[in-house]
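Along the sequence shown, residues are numbered consecutively beginning with 1.
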Amino acid sequence: MNESRAYASLVAHGRESADLASALSLLSWDQQVMLPAAAHPARAAQIGALTAVLHRRATDPRIGEWLAACEGSPLTRDATTPEAANLREWRRDYDLSVKIPEELAVALAQAASAGQRAWEVARNENDFKAFAPHLQALLELSRRKAEAIGYATQAYDALLDGFEPGETVAAVAPILAELRDASRELITKAKDAPQPRDLPQGPYPLAAQQAFLGEVTRLLGLPPEASRLDVSAHPFSTLIGPQDARITVRYDAADFTKALFGAVHETGHSLYSLGHDTGDARHGTPMAEYVSLAVHESQSRLWENQVARSLPFWEHVLPLATKHFPELAGRAPRDVFAAVGAIRPGLIRVDADETTYNPHIVLRFELELALVRGDLAVADLPGAWNEKSRDILGIVPPSDAAGCLQDVHWATGAFGYFPTYSLGNVYAACLFEAARAALPGLDAAMAQGDFAPLLSWLRTNIHEKGRLLRPRDLVAAATGQSPTAGPLIRHLNAKAQAIYGF
């Protein structure tokens, strides 16, 4: 078979698999948003069955034959072409897939489905012991997965690489430590400084919040005809398929900003998803997929923090918010900017301010690393969480629901996921700094409610690139320099100076 026919076969196979994966995404979305409680066991079986089909397709020996026919051909001569990138990434995906036995892939999928439901119940009832067996099973399966994939130094590296290609504990730990130390310094200074005035404590009616979120997400560029907004226990975004992005939030009647920033965050994810899989000829190829979770997170965090927590944003959005929430009458944009940017250590990661967010990630990273290494037993997780929370955040959770049960990630076996959040923060700051340099009138445009220039810049430099480049290389190409924590630390310091004067 010549390389042209082999490449066409890879594209056709990939497109069919992508369509099946869309059905799996829909099953997962439905489980978290719409599924009746009694239907969860059957849904786990359905997810397991479809996972088995997709695993068989991903390990089809014909993929190896098609790749062999293309590799070393003119299609790979120029490594910067979409075809060469597709072949490189297909090879990576295939080599990883064939290392994982089908029974393990299915067991992980079913355990994640069951674990998610068990976590929802355990968190609601503050019952870690009921969730512990599910966590133990997911941890053991994840260790098996790491062993099947293989690693040079430690099992955690194999799990991390699955979310963030090329990253290791050795590479990530220094970045997290730098962010932790920079955040601690700001947290210490803010502790003794006068705090900005809080926003009114509502109540903010649900209908008003929903209407407001619809206006804001459309303002940022999320097309209503290609998306929907729902409610779930843990906010998330998922791309069901081309032109079908789903986001969820959770509402708080006393604080409309929780749903607001959740919606903006998930909108950032959806804008990225809609930007790389447009349903054109690239659908089903790596060029229509996200390159890594940190890059994905950079898009959500950029819109949430650099945009929605900025003064220009509130100069335009505050009148819209006041229309829905009369309680805000009399507040100036700078008042809201200061209130939502204040440094206030709290227990809940998804509600954390920008400065305290990265210490939350350090806490989780250190704990899950210890779990994977076997240095921490599942039964001891609540106590270890509380101890680290005291050391890192200066707060002890009053319950496991507000502590080790607050995140869904471990309930789905996503060990190695958490570091991508801080890497995403780093990438977001690097990208926004570069966008500001490329778009001199960006702040003025945002103050007028024009976010199209920023979205267009991100589309061109990040979204449309798919998996053309590896994560750090993609950010470097967009910004002109290798990503570091510097831009994020500068951003946090500048915000603290604007709010507190230090």
Side-chain angles (χ1 to χ4, degrees), residues 196-200 208-209 211-224 256-268 270-272 275 298-343 353-355 425 428-463 478-479 487-488 490-501:
R197 184 166 59 136
D198 288 332
L199 296 177
Q209 291 197 54
F212 178 53
L213 296 191
E215 288 189 16
V216 171
T217 56
R218 287 192 295 273
L219 185 67
L220 299 182
L222 185 66
F256 77 93
T257 66
K258 289 184 179 180
L260 169 64
F261 291 124
V264 172
H265 180 101
E266 304 305 339
T267 291
S270 290
L271 290 173
Y272 180 35
S298 76
Q299 301 309 287
S300 61
R301 298 299 283 179
L302 185 152
W303 287 100
E304 178 189 355
N305 292 332
Q306 277 76 10
V307 174
R309 295 184 189 270
S310 73
L311 180 58
F313 176 85
W314 286 104
E315 287 174 343
H316 180 78
V317 169
L318 182 55
L320 301 179
T322 304
K323 178 184 69 174
H324 294 286
F325 313 124
E327 298 92 334
L328 299 177
R331 299 294 176 107
R334 184 167 289 279
D335 297 332
V336 182
F337 161 72
V340 302
I343 300 173
D353 62 80
E354 291 180 79
T355 301
N425 285 336
C430 293
L431 291 170
F432 193 74
E433 192 172 81
R436 256 187 170 156
L439 305 168
L442 179 57
D443 282 5
M446 292 196 301
Q448 295 298 315
D450 182 7
F451 300 94
L454 177 59
L455 179 56
S456 178
W457 189 88
L458 291 169
R459 282 269 192 265
T460 299
N461 290 281
I462 301 296
H463 302 183
T479 63
L488 177 55
R490 286 195 292 272
H491 167 75
L492 295 174
N493 285 332
K495 178 160 286 190
Q497 199 283 327
I499 294 174
Y500 296 100

Taking every non-hydrogen atom, the tightest pair across [X] and [Y]:
| X | Y | value |
| --- | --- | --- |
| P224 | R218 | CG-CD, 3.8 Å |
| P453 | D450 | CD-OD1, 3.2 Å |
| P196 | A339 | CB-N, 4.2 Å |
| W314 | V340 | NE1-CG2, 3.8 Å |
| N461 | A478 | CB-CB, 3.9 Å |
| A447 | E315 | CB-OE1, 3.3 Å |

Discussion item. Applying side-chain contact (heavy atoms from CB on, under 4.5 Å) to V307 and V264, what does each step give before you reach the verdict?
Written reply: CA-CA 9 Å; V307 174; V264 172; 6.0 Å; no
Quick one: are [X] and [Y] in side-chain contact, heavy atoms under 4.5 Å?
| X | Y | result |
| --- | --- | --- |
| V317 | F212 | yes |
| Q497 | N493 | no |
| L458 | L302 | yes |
| W457 | L439 | yes |
| V216 | L260 | yes |
| Q209 | H324 | no |
| F337 | I499 | yes |
| W303 | L455 | yes |

Worksheet item: Does atom CD of E215 have more than 12 heavy-atom neighbours, drawn from other residues, nucleotides or ligands, at distances under 6.0 Å?
Response: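 Enclosed: over 12 neighbouring heavy atoms sit under 6.0 Å from CD of E215.
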Item to complete: State whether E433 and R436 are salt-bridged, where the test is any N-O pair (Lys NZ or Arg NE/NH1/NH2 against Asp/Glu carboxylate O) under 4.0 Å.
Response: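 The answer is no: the pair does not qualify as a salt bridge.
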Worksheet item: Under the ring-ring contact (aromatic ring centres under 6.0 Å, His included) test, which residues partner F432, sequence neighbours left out?
Response: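 Here no residue qualifies.
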[atom1]-[atom2] distance between [X] and [Y], expressed to the nearest 0.5 angstrom:
| X | Y | atom1 | atom2 | result |
| --- | --- | --- | --- | --- |
| Q306 | L431 | CD | CG | 9.0 Å |
| L222 | L213 | CG | CG | 11.5 Å |
| M446 | L311 | CE | CG | 9.5 Å |
| L488 | N305 | CG | CG | 8.5 Å |
| C430 | R490 | SG | CZ | 8.0 Å |
| L454 | R459 | CG | CZ | 11.0 Å |

Side chains of residues 327-336: which donor-acceptor partners sit under 3.5 Å, not counting sequence neighbours?
unit_1: R331; atom_1: NH1; unit_2: D198; atom_2: O; d: 3.0
unit_1: R331; atom_1: NH2; unit_2: D198; atom_2: O; d: 3.4
unit_1: D335; atom_1: OD2; unit_2: A332; atom_2: N; d: 2.9

Worksheet item: Angle class for the F313/F451 ring planes (parallel below 30°, perpendicular above 60°, tilted otherwise)?
Response: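 If you compare the ring of F313 with that of F451, the planes turn out tilted.
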Worksheet entry | Parallel, tilted or perpendicular: rings of Y272 and H463 (30°, 60°) |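 H463 and Y272: tilted rings.
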Fill in: Those residues that, when tested against E354, pass salt bridge (Lys or Arg N to Asp or Glu O under 4.0 Å) (two or more places apart)
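Listed in chain order: K495.
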Discussion item. Please check this pair: side chain of S270 against backbone of T267, looking for a donor-acceptor N/O pair closer than 3.5 Å.
Written reply: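 Not at all, since once roles are kept as given, no pair shorter than 3.5 Å links the two residues.
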Worksheet item: Does the pair R309 and E304 meet the rule for a side-chain contact (heavy atoms from CB on, under 4.5 Å), with working shown?
Response: CA-CA 7 Å; R309 295 184 189 270; E304 178 189 355; 3.2 Å; yes
